[in-house]
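Here the structure is a predicted model, which is why all the values come from computation and not from measurement. Proteins come first, then strands; the chains are lettered A, B, ... in the order of their sequence lines, and each starts at number 1. Only heavy atoms go into these numbers, but all of them, side chains included; no hydrogens, no water, no symmetry mates.
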There are 2 protein chains.
Amino acid sequence: MSGLGTKQRILDAARTLFAEHGFPATSLREITKHAEVNLAAVNYHFGSKDGLLKELVNECIEPINTERIRLLDAAEAEAGGQPLVMRDLIRIFLEPAVRELCDQGSAMPCILSRLHHEPHAGLEEMMSDILAPTITRFVTASHRCLPHRTPEELLIRGHFMIGAMLHLLDFNCEELVPGLGINEEVISGYDFRLEQLISFCTAGFDG
Amino acid sequence: MSGLGTKQRILDAARTLFAEHGFPATSLREITKHAEVNLAAVNYHFGSKDGLLKELVNECIEPINTERIRLLDAAEAEAGGQPLVMRDLIRIFLEPAVRELCDQGSAMPCILSRLHHEPHAGLEEMMSDILAPTITRFVTASHRCLPHRTPEELLIRGHFMIGAMLHLLDFNCEELVPGLGINEEVISGYDFRLEQLISFCTAGFDG
DNA sequence: GGCAAGTTTAAACGACCGTATGAATAAAAC
DNA sequence: GTTTTATTCATACGGTCGTTTAAACTTGCC
């Protein structure tokens, strides 16, 4: 935990510790100790503890949603006015998130899935600002795929998908129930998880 | 918030405030003030703040899982050795939770969906103790419904279902994205949500 | 009444929190 | 080399936290 700048060391330590103990239960003293920087450095670089969280989250989800929009634009351009295949649309939504989040370790998924359920002044607004365009695009596109579904059905199913995704990302294999003959290596695999999730959601939207 | 005993008033206040601000961000002073009882009453009746949470959670999820097991026993007895219909199995798992949690207001769903992602010493163990038999029974029964699926596929899909359910329970309609023509009354309906969730998961398990 | 067990009360404890300050240090500009 | 700017540092502030204590009060039993 050295060699990098102070700011980055704080972000790294915060990511780890927020994931481990949650945001409110993690003190700046723990973070700065873990990052081997001075306590006051957090307020110097991020203004406040909330500012630190905000930057951490933004740094993570902003590129994911940019990538989603980019893929959606490309797919729709290629389709040339035809509706997309639902499975492709779901993959566009899920893959950037699962890949990005899993690649950089398991810390951010823990944090994000908690933040989706936890109130934080200003942060919900920020996430909503980032996510809203994607959700609108997704619901609109899915409505073209599945015209027999009402917007309410599509939106609520979109939320089921988000819930399943978040649960997947934060899913810890240590909780495994014994006696079922589960192969841990299989169920931990990145590809296995993503493909299962895509299949589950694709079928779920249709059913 | 009076007329009931001190212990119950504390539980009620804690449920409300934990849901609103989260467990770590809620102080015992807020709780006891809201419940109009003395600060020390919490430690007298529950031993500690953690003890209060533990009792609150146990009081909520224990009857849900008892009911799930009861329904599963009844359904399997009625089937007389034949595999259950997947949709029925999913309903057995989801309906007690959705009904119980929605009936007693929206407070507990918020708390529970957070706890599923938040670490708490001893509490995870407690929840695991209560949930493990249900999960084992569910995976076993679903394997008989869908023998072509591997245990890993069934378990990970069971977790998708849990994720979707938790997200549904804690889903706040204020977050609705405008411009999609969503009817808020429809999407807020208890029956609509439950039936959509069951359909989504039933199809998801098959797909 | 008088004792006993259960419950509620006000007050205090030590610990830790997020934040602010001003001096010390390093880096950059001139 | 000196001045200016950016960063790091030790330290302190006011506040809130969960928990404890011991006295006061309530209730039911003899």
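OP1 or OP2 of D:dA10 has at least one side-chain nitrogen or oxygen of A:Asn38 nearer than 4.0 Å. The phosphate of C:dC17 has OP1 or OP2 within less than 4.0 Å of a side-chain N or O from A:Ser27. Proximity of B:Thr6 to the phosphate of C:dT8: a side-chain N or O atom is located under 4.0 Å from OP1 or OP2.
Remark: A:Thr6 pairs with no residue by the side chain to side chain donor-acceptor pair (under 3.5 Å) rule, at least two apart or across chains.
The nearest whole Å value for the distance from the CG atom in A:Leu28 to the C1' atom in D:dT16 is 15 Å. Atom P of nucleotide D:dT11 and atom CZ of A:Arg29 are separated by 14 Å, given to the nearest angstrom. We find that CG of A:Leu39 is positioned 18 Å from P of D:dT7, with the value rounded to whole Å. Note: CG (A:Leu4) to P (D:dT7) measures 16 Å, nearest angstrom. As rounded to whole Å, 18 Å separates atom P of C:dG18 from atom NZ of A:Lys54. Between the C1' atom of D:dG18 and the CZ atom of B:Phe23 lies a distance of 10 Å, rounded to the nearest Å. The separation between B:Ile31 atom CD1 and D:dC17 atom P is 10 Å, rounded to whole Å. Atom C1' of nucleotide D:dG15 and atom NZ of A:Lys49 are separated by 15 Å, given to the nearest angstrom.
Salt-bridge check for B:Arg157 with B:Glu152: failed, with every basic side-chain N at 4.0 Å or more from each acidic carboxylate O.
Using modelled atom types, one side-chain atom of A:Arg9 and one backbone atom of A:Ala35 make a donor-acceptor pair closer than 3.5 Å.
The aromatic rings of B:Phe93 and B:Phe138 sit tilted relative to each other, their planes meeting at an angle between 30° and 60°.
Looking only at side-chain heavy atoms (C-beta outward), B:Pro24 and B:Glu118 come within less than 4.5 Å of each other. With a 4.5 Å cut-off on side-chain heavy atoms, A:His143 and A:Glu153 do not count as touching.
Residue contacts for A:Thr26: at a heavy-atom cut-off of 4.0 Å it reaches the sugar-phosphate backbone alone, with no base atom in range.
Residues from residues 40-48 of chain B lying near DNA chain C, meaning a heavy-atom separation below 4.0 Å, are B:Ala40, B:Tyr44, B:His45 in numerical order.
Applying the side chain to side chain donor-acceptor pair (under 3.5 Å) rule to pairs touching residues 62-73 of chain B yields B:Asn65-B:Arg68, B:Asn65-B:Thr134, B:Glu67-B:Arg70, B:Asp73-B:Arg137, sequence neighbours excluded.
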